[in-house]
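In what follows, chains carry the letters A, B, and so on, assigned in the order in which the sequence lines appear, proteins first and then strands, with residues in each chain numbered from 1.
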Amino acid sequence: MTEYIKLNFTYDFGRVLDRLSMDPLISLNKGERYVLVTTGERKVHKVQATGTTESPTFLIEGTTNEQQLQTIKEIFHFNRSLEPIHAHFAHTNLASLFEEHRGTPIIREFSLYATLMKSIIHQQLNLSFAHTLTTRFVHTFGEQIEGVWFYPQPEVIGQLQVEHLRELQFSTRKAEYVIGVSQAIASGELNLEALAQRDDETITQTLVKYRGIGPWTAGSFLLFGLGRPNLFPLADIGLQNALKKLWATPDKPKAEEIAAHFPDWSPYLSYASLYLWRSIE
DNA sequence: GGCCAGGTGATGG
DNA sequence: CCATCACATGGC
């Protein structure tokens, strides 16, 4: 069935498509203003913008129940207004940044498992090679449904040997990480859907017990997997570079120098992170 | 050719 | 507990 959505806040879907188009595994059409969403339930949903940035409306195809519709709304930030966030940053030192990127939402990854796999694969790699590796991973072990690629299921990856991923040019360590985390999920020891109900701190403490998941990856899971609003990954090189540029300093700011602004930016640190990343893309 | 990349775990003090 | 280092490979 097709659902119609109308938002009562500024929302720039063009920017959303620009962002999503950086991921080679996502099918979208900028001209026709739609993206095909591949959820963890292995269903394809078409989300198409029909309105404007100031008066945003959307058509959502392929949902068969209310839960799926809610998932889509959460992925696209349709259920949370951006206005309070812009109002909050209007009187901070990031005001110009937020004005420049007005209406940019946090877009979540399409599945929690995919979030972890993608984050681990992307660790310490330049974006170009990271995309190559992720695409090989999905094309080799994933599944194509209705012409769209889905991430593999954890059961499939959990049964692989390190050599299988080495062939795709994974490092030995990265292969171990990906397989190990997949095994934990496949066995039921690690239940991401249940974990998602807990608070940020509990989720981080649970995830970092697994080899290959450190603070950065846990932060990515919270921010991009769950859309949590108050995350700022201090260790992230991209954010350090973005602030260096914004503040026009010769060196990257130290963690303490960045953290000093957290009181001003909270409880929306995630949006500060997101808009800073945008500023260097 | 050297340094870096949307880090992490192991090691040694 | 903190600083340092190996890891693995492509991009520039």
Enquirer: To the nearest Å, how far apart are A:R166 CZ and C:dC7 P?
Expert: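 From A:R166 CZ to C:dC7 P: 12 Å.
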Enquirer: Sticking with atom P, work out how far B:dT11 lies from C:dA8, rounded to a whole angstrom.
Expert: 15 Å
Enquirer: In whole angstrom, what separates A:E167's CD from C:dA8's P?
Expert: 16 Å
Enquirer: Rounding to an integer number of angstrom, what distance separates B:dG9 and C:dG10 when you compare their C1' atoms?
Expert: 23 Å
Enquirer: Has A:E109 got a side-chain atom pairing as donor or acceptor with A:G225's backbone, closer than 3.5 angstrom?
Expert: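 Side chain of A:E109 to backbone of A:G225, a donor-acceptor pair under 3.5 Å: no, none is there.
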Enquirer: Using a heavy-atom distance cut-off of less than 4.0 Å, which residues of residues 122-138 of chain A contact DNA chain C?
Expert: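 Heavy-atom contacts with DNA chain C come from A:Q124, A:N126, A:S128, A:F129.
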Enquirer: With P as the reference atom in both, quote the distance from B:dG6 to C:dT4 in angstrom, rounded to an integer.
Expert: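 So the two P atoms sit 23 Å from each other.
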Enquirer: Scan side-chain atoms only and decide if A:D199 and A:T202 contain a donor-acceptor pair under the 3.5 Å cut-off.
Expert: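 A:T202 and A:D199 do have a side-chain donor-acceptor pair below 3.5 Å.
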Enquirer: So do the side chains of A:K174 and A:L165 get within less than 4.5 Å of each other, counting heavy atoms only?
Expert: no
Enquirer: Could you give the distance separating B:dC4 and C:dC5 at their P atoms, to the nearest angstrom?
Expert: 14 Å
Enquirer: Using 30° and 60° as the class limits, which term best fits the ring planes of A:Y268 and A:F89: parallel, tilted or perpendicular?
Expert: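 Answer is tilted, since the angle falls between 30° and 60°.
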Enquirer: When clusters are formed from ILVMFWY side-chain contacts under 4.5 Å, directly or step by step, what else is grouped with A:L127?
Expert: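 Its cluster partners, ordered by chain and number, are A:M22.
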Enquirer: Quick check: do A:H139 and A:L25 have side-chain heavy atoms less than 4.5 Å from each other?
Expert: yes
Enquirer: Can you give me the dot-bracket string for DNA chain C, 5' to 3', counting Watson-Crick and G-U wobble pairs with both distances under 3.5 Å, using [ ] for crossing pairs and | for partners on another strand?
Expert: |||||||.||||
Enquirer: A:F98 vs A:Y275 aromatic rings, parallel, tilted or perpendicular, using cut-offs 30° and 60°?
Expert: parallel
Enquirer: Going by the side chain to side chain donor-acceptor pair (under 3.5 Å) test, name the single residue among A:T134, A:D23, A:T217 that passes it with A:K118.
Expert: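 It is A:D23; the other options fail the test.
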Enquirer: Would you please indicate if the ring centroids of A:Y151 and A:F110 are separated by under 6.0 Å?
Expert: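 No.
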Enquirer: With a 4.0 angstrom cut-off to heavy atoms of chain A, pull out the first and last contacting nucleotide of DNA chain B, in 5'-to-3' order.
Expert: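 The protein-touched segment is B:dA5 to B:dA10.
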Enquirer: Answer with yes or no after comparing the ring centroid distance for A:F221 and A:Y113 against a 6.0 Å cut-off, counting only values under it.
Expert: no
Enquirer: Among residues 171-182 of chain A, which contact DNA chain B at a heavy-atom distance under 4.0 Å?
Expert: A:R173, A:Y177
Enquirer: Under 6.0 Å between the ring centres of A:H45 and A:F76?
Expert: no
Enquirer: A:H261: which residues meet the ring pair (Phe, Tyr, Trp, His ring centres under 6.0 Å) condition with it, sequence neighbours left out?
Expert: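 Here the qualifying residues are A:W247, A:W265.
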Enquirer: Looking only at atom types and distance, does a side-chain atom of A:T50 sit under 3.5 Å from a main-chain N or O of A:T57, one as donor and one as acceptor?
Expert: yes
Enquirer: Just to be sure I understand the geometry, which residues of residues 208-233 of chain A put a non-hydrogen atom under 4.0 Å away from DNA chain C?
Expert: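 Hits under 4.0 Å, by residue number: none.
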Enquirer: Please write out which residues are connected to A:Y4 in a hydrophobic cluster, directly or through intermediates, given that two of Ile, Leu, Val, Met, Phe, Trp, Tyr count as joined at side-chain heavy-atom separations below 4.5 angstrom.
Expert: A:L59
Enquirer: Using a strict cut-off of less than 4.0 Å between a Lys/Arg side-chain nitrogen and an Asp/Glu carboxylate oxygen, indicate whether A:E99 and A:R102 qualify as a salt bridge.
Expert: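 Salt bridge flag = yes for A:R102 with A:E99.
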Enquirer: Identify each atom pair where a protein N or O and an N or O of nucleotides 1-5 of chain C are less than 3.5 Å apart, giving names and distance.
Expert:
none

Enquirer: With a 6.0 Å cut-off (strictly less than), is the heavy-atom count around CZ of A:R42, excluding the residue itself, greater than 12?
Expert: yes
Enquirer: Can you tell whether the side chains of A:E100 and A:R278 come within less than 4.0 Å, N to carboxylate O?
Expert: no
Enquirer: Got a sec, which residues hit side chain to side chain contact (heavy atoms under 4.5 Å, CB included) with A:D236, two or more places apart in sequence or on another chain?
Expert: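 For A:D236, the residues satisfying side chain to side chain contact (heavy atoms under 4.5 Å, CB included) (neighbours in sequence not counted) are A:W216, A:P233, A:L239, A:W277.
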Enquirer: Considering only heavy atoms, which members of residues 266-281 of chain A lie under 4.0 Å from some atom of DNA chain C?
Expert: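 DNA chain C contact set from residues 266-281 of chain A: none.
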Enquirer: Looking only at the side chains, is there a donor atom on one of A:T39 and A:Q68 sitting less than 3.5 Å from an acceptor on the other?
Expert: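 Not at all, the side chains of A:T39 and A:Q68 share no donor-acceptor pair under 3.5 Å.
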Enquirer: In terms of side-chain geometry, is the basic nitrogen of A:R166 or A:E163 positioned less than 4.0 Å from the acidic oxygen of its partner?
Expert: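 Between A:E163 and A:R166 there is no salt bridge, as every charged N stays at least 4.0 Å from the carboxylate O atoms.
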Enquirer: Does A:L36 sit in a hydrophobic cluster with other residues, and if so which ones, taking ILVMFWY side chains as linked at heavy-atom separations under 4.5 Å, directly or through other members?
Expert: A:Y34, A:V44, A:I145, A:V148, A:F150
